Participant: 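One structure, as structure tokens, below. Some questions next.
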Amino acid sequence: QVHLLESGGGLVQTGDSLRLTCAASGLTFSSFAVAWFRQAPGKEREFLATISTVGTATYYADSVRGRFTISRDNGIGSAYLQMNSLKPEDTAVYYCAADPRARASTEYEFWGQGTQVTVSS
């Protein structure tokens, strides 16, 4: 059974940084692209970033490009989202997802349960 477990969320202040981790199990991690999404209350789930199976290609949403960095370590089956210069509007539940194909949409096969990020002003 496939599991994706996000961690690293929390309460921070404007301008702070956080690194989220997505730990995968039950799949051949190096065969799956990974993406990060977020969902704020009352809003649709928003694509943030995706990384290819071997980590050579990344793509970011305009809203986070230059502030967030996606990476992965296939050796330990984990992916990361480094978030810098956080703003109150970054407050949301953050999800990782995995699929054989990288794409900038919500059409990912496997999803984690999410981790809350709250940025205070």
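Predicted model only: the values in this text are computed from it and were never measured. The first residue in the sequence is number 1, and the count goes up from there.
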Participant: Does any part of the side chain of Glu109, heavy atoms only, come nearer than 4.5 Å to the side chain of Pro100, both counted from C-beta?
Facilitator: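 In contact.
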Participant: For Val93, enumerate each residue passing the side chain to side chain contact (heavy atoms under 4.5 Å, CB included) test, keeping only those at least two apart in sequence or located in another chain.
Facilitator: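 Partners of Val93 under the side chain to side chain contact (heavy atoms under 4.5 Å, CB included) test: Tyr95, Gln116.
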Participant: What residues form a ring pair (Phe, Tyr, Trp, His ring centres under 6.0 Å) with Phe29, not counting sequence neighbours?
Facilitator: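 Ring pair (Phe, Tyr, Trp, His ring centres under 6.0 Å) check on Phe29 returns nothing, list empty.
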Participant: Please list, chain by chain and in numerical order, all residues satisfying side chain to side chain contact (heavy atoms under 4.5 Å, CB included) with Ser30, sequence neighbours excluded.
Facilitator: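 Partners of Ser30 under the side chain to side chain contact (heavy atoms under 4.5 Å, CB included) test: Thr28, Asn74.
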Participant: Quick check: closest heavy atoms across Leu48 and Arg38, and the distance to 0.1 Å?
Facilitator: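 In this case the closest contact between Leu48 and Arg38 is CD2-NE, 3.6 Å.
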Participant: Show your reasoning for whether side-chain contact (heavy atoms from CB on, under 4.5 Å) applies to Trp36 and Met83.
Facilitator: CA-CA 11 Å; Trp36 286 94; Met83 306 186 295; over 6 Å; no
Participant: Consider side-chain contact (heavy atoms from CB on, under 4.5 Å). Of Leu81, Thr21, Thr115, which one does Glu6 pass it with?
Facilitator: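 The option that passes is Thr115.
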Participant: For residues Val117 and Gly9, report the shortest heavy-atom separation together with the two atoms involved.
Facilitator: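 Closest approach of Val117 to Gly9, heavy atoms only: CG2-CA, 4.0 Å.
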Participant: Report yes or no: do Leu4 and Ile51 belong to one cluster of Ile/Leu/Val/Met/Phe/Trp/Tyr joined by side chain heavy-atom distances under 4.5 Å?
Facilitator: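 No, Leu4 and Ile51 fall in different hydrophobic clusters.
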Participant: Check side chain to side chain contact (heavy atoms under 4.5 Å, CB included) between Arg65 and all other residues, then give those that pass, not counting sequence neighbours.
Facilitator: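 For Arg65, the residues satisfying side chain to side chain contact (heavy atoms under 4.5 Å, CB included) (neighbours in sequence not counted) are Tyr59, Tyr60, Asp62.
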Participant: Could you work out, with side chain to side chain contact (heavy atoms under 4.5 Å, CB included) as the rule, every residue matching Val54, not counting sequence neighbours?
Facilitator: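 Checked Val54 against side chain to side chain contact (heavy atoms under 4.5 Å, CB included); matches are Thr56.
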Participant: What I'd like to find out is whether the side chain of Pro88 reaches to under 4.5 Å of the side chain of Thr14, using heavy atoms alone.
Facilitator: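 In short, these two side chains touch, coming nearer than 4.5 Å.
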Participant: State which residues pass ring pair (Phe, Tyr, Trp, His ring centres under 6.0 Å) with Tyr108; sequence neighbours excluded, sorted by chain then number.
Facilitator: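 Partners of Tyr108 by the ring pair (Phe, Tyr, Trp, His ring centres under 6.0 Å) criterion, ordered by chain and then number, come out as Phe37.
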Participant: Nearest 0.5 angstrom please: Cys96 SG to Gln113 CD, how far?
Facilitator: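 Interatomic distance, Cys96 SG to Gln113 CD, rounded to 0.5 Å: 10.0 Å.
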